[in-house]
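Letters go in sequence order (proteins before strands), and every chain restarts at 1.
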There are 2 protein chains.
Amino acid sequence: MSTKEPKINETRKRVLDVAARQFRANGYSGVGLRGIAKEAGLKAGSLYYHFNSKDEIVTEVLNIGIRLVHEAVEEAVAQSRAEGSSAELTLREAVKAHLSAFLEWSDYTSANIRIFGQLPESVRMVNVQARSDYEHLWDSVFERFVTDGYVLDAKSVRTARLFLLGAMNASLEWFDPQQGNIEGLADQYAQLILHGLLSEGAK
Amino acid sequence: MSTKEPKINETRKRVLDVAARQFRANGYSGVGLRGIAKEAGLKAGSLYYHFNSKDEIVTEVLNIGIRLVHEAVEEAVAQSRAEGSSAELTLREAVKAHLSAFLEWSDYTSANIRIFGQLPESVRMVNVQARSDYEHLWDSVFERFVTDGYVLDAKSVRTARLFLLGAMNASLEWFDPQQGNIEGLADQYAQLILHGLLSEGAK
DNA sequence: GTCTATAGCTCGATAGAC
DNA sequence: GTCTATCGAGCTATAGAC
């Protein structure tokens, strides 16, 4: 493969990084093309060489946010299963992968979480399938507990999945990457969803 | 007390209800005074008789969202303690109160959750104290487990509080009040945070 | 590939009539 | 209490020079 065409993709990536950060901080309508262009080091009109519209920029930011996390968790789950790990250990690895990717790419993932609900219908549509795919990946992680002999119906799995993903995604709002320990957080969250708060502090 | 001055407060309330719904759906910058006014049945200029600025409207929406939930949980906790309930039962009642108020006033609470992170500094500041007060209320609920003999340090309490509140608040994004059962959801969430997913489905 | 210039629109806020 | 009218600013998108 060629090692060239660097300029166009470099600029594209820089624009997307800036856009993700600004969408996270100011919301969909609070971000203007002039502001994105300025921080990326070009003029507003020039953005239209790289993208066809503002909505194309936001669509790409949303999809990147989902894809990075999906790939990280999928790989962690596949590796854990290849090693013959228990359902419990696999879930612990999935939690670790989700939080690691989620907090590492926090501008993209936070932009996704924060602005998804306030997008125009047409833009939101293109991200719905990716979200649904990711939820199914998690359902498959939970359903392994049935294979391992636990008694869980589909409704319990869905509730637990919504509970855990909601809790993990909320960490974007308070986690401080300068101070925090992602691995430690993942261990605590996995313990909480599997065995609850009272499992540790025996009476 | 007088039973009059209805008109001014009626309009004010109608404007706030409309604003909350629109902020939830379109974000802080996506909502204009013309749109709020139109849905509330008046003209944009007239809003300035009731409020001094757009930021005063959004500030009031945010504070109402916190206050309604805080009061509901505070009352539930006080009553549970007055009845001499265990820490575990009190937490179950607190979860029920939080979810009930949260989902009943979902336009206000969702507006708060969704747009808080994308507000101008000056507006966000006025809501910070109310949020902090509410978090402390929950810490006091968790700390009762220590009184009841469980071994929990401050760090575990904080992690569990962030985990539970994150999970509960995320329910705004998927809960359907037409179909869903709030009491049932509260029972499942309380069970999950206290004893975990694997407590039910014994192997 | 990036620029300047601009069309057509909406924004928050204010002034003053009624 | 609510209205109309308007200011100055910012918005997305396009056209065309370089």
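The interatomic distance linking A:Tyr48 (OH) with C:dA7 (P) rounds to 17 Å, in whole Å. Between A:Arg14 atom CZ and C:dT2 atom C1' there is a gap of 12 Å when expressed in whole angstrom units. Taking atom CZ of residue B:Phe51 and atom C1' of nucleotide C:dA13, one finds them 16 Å apart after rounding to whole Å. Rounding to whole angstrom units, CD1 of residue A:Ile36 and C1' of D:dG10 are separated by 14 Å. In this entry the distance linking NZ of A:Lys38 with P of C:dT2 reads 18 Å, nearest Å. Atom CZ of B:Arg34 is separated from atom C1' of D:dA5 by 11 Å (rounded to the nearest Å). At whole-Å resolution of the value, CG in B:Leu33 and P in D:dT6 are 20 Å apart.
With respect to the salt-bridge test (charged N to carboxylate O, under 4.0 angstrom), the residues B:Lys13 and B:Asp17 qualify. The existence of a salt bridge linking B:Glu88 and B:Arg92 is confirmed by a sub-4.0 Å separation between a basic side-chain nitrogen and an acidic carboxylate oxygen.
Side-chain atoms of A:Ser110 do not come within 3.5 Å of backbone N or O of A:Arg24 as any donor-acceptor pair.
Distance from the side chain of A:Ser53 is smallest for D:dA13 among the nucleotides C:dG12, D:dA13, D:dG1. Nearest nucleotide to the side chain of A:Ser46, out of C:dC3, C:dG1, D:dG1: C:dC3. Distance from the side chain of B:Leu42 is smallest for D:dC3 among the nucleotides C:dT2, C:dT14, D:dC3. When the nucleotides C:dG12, D:dT14, D:dT2 are ranked by their closest atom to the side chain of B:His50, D:dT2 comes out on top.
In terms of phosphate contacts, A:Lys43 brings no side-chain nitrogen or oxygen within less than 4.0 Å of OP1 or OP2 of C:dC3. In this structure, A:Tyr49 does not reach the C:dT2 phosphate: none of its side-chain N or O atoms is under 4.0 Å from OP1 or OP2. Contact annotation: A:Thr11 reaches the phosphate of C:dT2 (side-chain N/O to OP1 or OP2, under 4.0 Å).
Counting non-hydrogen atoms of neighbouring residues, nucleotides and ligands closer than 6.0 angstrom, the CH2 atom of B:Trp138 exceeds 12 such neighbours.
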